[in-house]
Amino acid sequence: MTTLMEVISQNEIFNNRICGDPKTIYIIKGNCILDGNVSIPNGSVLKFEFDSSNVLNPTRGFISGNGTISSNQVIIEVPKGIQIFGDNIDIQGVANDEISAHWFGAKGDGTTDDTNAIQKALNSSKSAFVVLENLTYKTESPIVITNKKRLRCKGTILSSANVAIDLIGSDIELDITELKSSKASYESNVDTYQGTGVLFSGNVWNSKISIDNILFFNKAIGLVPTKSATTQNYIGIQYCQISWLYIRAMYGIYFDLVPNINYEEFPTFRTWINENQFNGGRLYLLRNSKYGMYY
């Protein structure tokens, strides 16, 4: 089968150029426009070109507009570290080995809220690693990671959310250098240590969680199986590998098998946490002066 090429230029409607051939390479040379949802045949390639020869006004491939690009297997080719999708664009079924959150507008400047960009990158992936570079990514809402999603952060995720990362599903993989609450620091009063770093809240199975440093949360890692309590009778956390090098928090590993569930309404609901592996480095847990106890 001959590989086809479609060149999409500035201001063209992206939808109008999609053909039925699964071997088509779409070369995106300018800011084209997505006008509603479109499906791309499996095996297609989106190739975004970037021309920096004009220093004052470089041109680059970009898709703006509104809608979802869906496929079961689409390859994206793009120079490293640039945004290629507008804020109102979603894409599903990316088959790359790695997906950059910068494609979706992540800045990594420690100031911009990168939650939405990271979440869009995770939602686009079939099983690829979503990669965050050696930068600081500020998040103001939970990053929700579901079945077979994988996240690798070479730098810092700086979270102001009550839950920084929420896990719901099986075969999840995290490889993070540093996860930090923005509400406290080494010098802060312990009362400012708030929220949870990583929360296992759904049926979480066969997942591998590795975080070098978890800093300044009330609970560094919380295993509290509560999500979907209204639709399932059984929910638990099992066969997970959880490792860290250094934790500084009020509570290090927090378990709660008795969440706030109305057992009269759901009399058969059960939770469990078993057959997980914990491989830790240092736990630096702070004294809670309210209770006069160390945890």
Side-chain angles (χ1 to χ4, degrees), residues 115 118-119 122-123 125 127 130 139 141-151 157 159-176 179-181 183 193-211 213-245 247-281 283-286 288 290-291 293-295:
T115 312
I118 296 170
Q119 196 66 63
L122 286 163
N123 295 344
S125 165
S127 60
V130 170
T139 59
S141 303
I143 299 171
V144 180
I145 304 184
T146 57
N147 295 326
K148 297 183 180 180
K149 303 298 184 181
R150 302 193 291 172
L151 178 65
I157 296 175
S159 176
S160 62
N162 188 49
V163 174
I165 298 176
D166 192 0
L167 307 182
I168 311 169
S170 66
D171 301 291
I172 295 167
E173 191 166 348
L174 298 185
D175 183 4
I176 298 174
L179 179 63
K180 184 188 296 187
S181 170
K183 297 181 178 181
Y193 282 52
Q194 300 175 20
T196 301
V198 181
L199 178 64
F200 291 68
S201 69
N203 257 333
V204 188
W205 291 49
N206 299 319
S207 296
K208 185 177 181 180
I209 313 303
S210 176
I211 305 178
N213 302 301
I214 309 177
L215 304 173
F216 316 139
F217 292 95
N218 180 266
K219 302 174 182 69
I221 298 172
L223 289 86
V224 187
T226 58
K227 287 288 176 67
S228 301
T230 58
T231 59
Q232 338 189 87
N233 289 334
Y234 305 99
I235 188 168
I237 300 164
Q238 193 167 12
Y239 308 138
C240 295
Q241 299 177 41
I242 303 166
S243 63
W244 69 92
L245 293 181
I247 285 176
R248 183 183 178 101
M250 285 293 296
Y251 299 86
I253 314 297
Y254 180 87
F255 299 83
D256 188 356
L257 281 172
V258 191
N260 185 22
I261 293 173
N262 184 340
Y263 284 96
E264 292 182 358
E265 184 178 0
F266 306 105
T268 63
F269 188 80
R270 297 293 182 270
T271 59
W272 71 88
I273 301 171
N274 59 277
E275 298 182 85
N276 301 289
Q277 297 180 24
F278 296 87
N279 182 20
L283 284 170
Y284 189 91
L285 307 181
L286 302 181
N288 186 336
K290 285 183 180 180
Y291 305 104
M293 299 173 65
Y294 289 91
Y295 299 94

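From a predicted model like this one, the values you see are computed outputs, not experimental measurements.
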Point to revise | Any donor-acceptor N/O pair, N276 side chain to I237 backbone, under 3.5 Å | key: yes
Exercise for review: Check K149 against N123 and note the closest heavy-atom contact, atom names and distance.
Suggested key: NZ-O, 3.8 Å
Study note, to complete from the structure: Hits for salt bridge (Lys or Arg N to Asp or Glu O under 4.0 Å) against R248, two or more places apart or cross-chain, chain-then-number order -> none
Exercise for review: Could you tell me which residues satisfy salt bridge (Lys or Arg N to Asp or Glu O under 4.0 Å) with D175, sequence neighbours excluded, listed by chain and number?
Suggested key: R152
Point to revise | Expected output: side-chain K180 to main-chain F216 donor-acceptor under 3.5 Å | key: no
Check your understanding: Side chains of Q277 and Q241: donor-acceptor distance under 3.5 Å anywhere?
Key -> no
**Study point:** From CZ (F278) to CD1 (I209), nearest 0.5 Å
**Key:** 11.0 Å
**Study point:** T196 side chain to V198 backbone, donor-acceptor under 3.5 Å
**Key:** no
**Study point:** Exercise: identify the closest heavy-atom pair between F217 and G195
**Key:** CB-O, 3.7 Å
Check your understanding: Would you say the side-chain atoms of N206 pair up with the backbone N or O of D171, donor to acceptor, closer than 3.5 Å?
Key -> no
**Study point:** Exceeds 12 heavy-atom contacts within 6.0 angstrom, atom CZ of F255
**Key:** yes
Check your understanding: Should we count NZ of K208 as having more than 12 external heavy atoms under 6.0 Å?
Key -> no
Review point. Can you name the closest pair of heavy atoms from C240 and V204 and give their distance?
Key: SG-O, 3.6 Å
Review point. In Å, rounded to the nearest 0.5 Å, how long is the span from CD of Q194 to CG of N218?
Key: 8.0 Å
**Study point:** Heavy-atom side-chain proximity of L174 to L179 below 4.5 angstrom
**Key:** no
Check your understanding: Does a side-chain heavy-atom distance below 4.5 Å link Y251 with L285?
Key -> no
Check your understanding: CG of D256 to OG1 of T271: how many Å apart, nearest 0.5 Å?
Key -> 8.0 Å
Revision key, fill the gap. Nearest heavy-atom contact between A164 and G197 is CB-O, 3.2 Å
Review point. Can you tell if the side chain of I273 reaches within under 4.5 Å of the side chain of P225, non-hydrogen atoms only?
Key: yes
Review point. Is any side-chain heavy atom of I157 less than 4.5 Å from a side-chain heavy atom of L151?
Key: yes
Practice item. Look up atom CG in N203 and atom OG1 in T146, then write down how far apart they are to the nearest 0.5 Å. Key: 13.0 Å
Check your understanding: Would you call V224 and S201 a side-chain contact if the rule is heavy atoms closer than 4.5 Å?
Key -> no
Point to revise | Partner set under side-chain hydrogen bond (donor to acceptor under 3.5 Å, both in side chains) for N279, not counting sequence neighbours | key: none
Practice item. Answer yes or no: is there a side-chain heavy-atom contact under 4.5 Å between I242 and F200? Key: yes
Practice item. Please tell me if the side chains of Q119 and I143 come closer than 4.5 Å, counting only heavy atoms from C-beta onward. Key: yes
**Study point:** From L245 atom CG to I247 atom CD1, the distance as rounded to the nearest 0.5 Å
**Key:** 10.0 Å
**Study point:** Side-chain touch S207/L167, heavy atoms, less than 4.5 angstrom
**Key:** no
Exercise for review: Report the distance from atom CD1 of I165 to atom OG1 of T139, rounding to the nearest 0.5 Å.
Suggested key: 7.5 Å
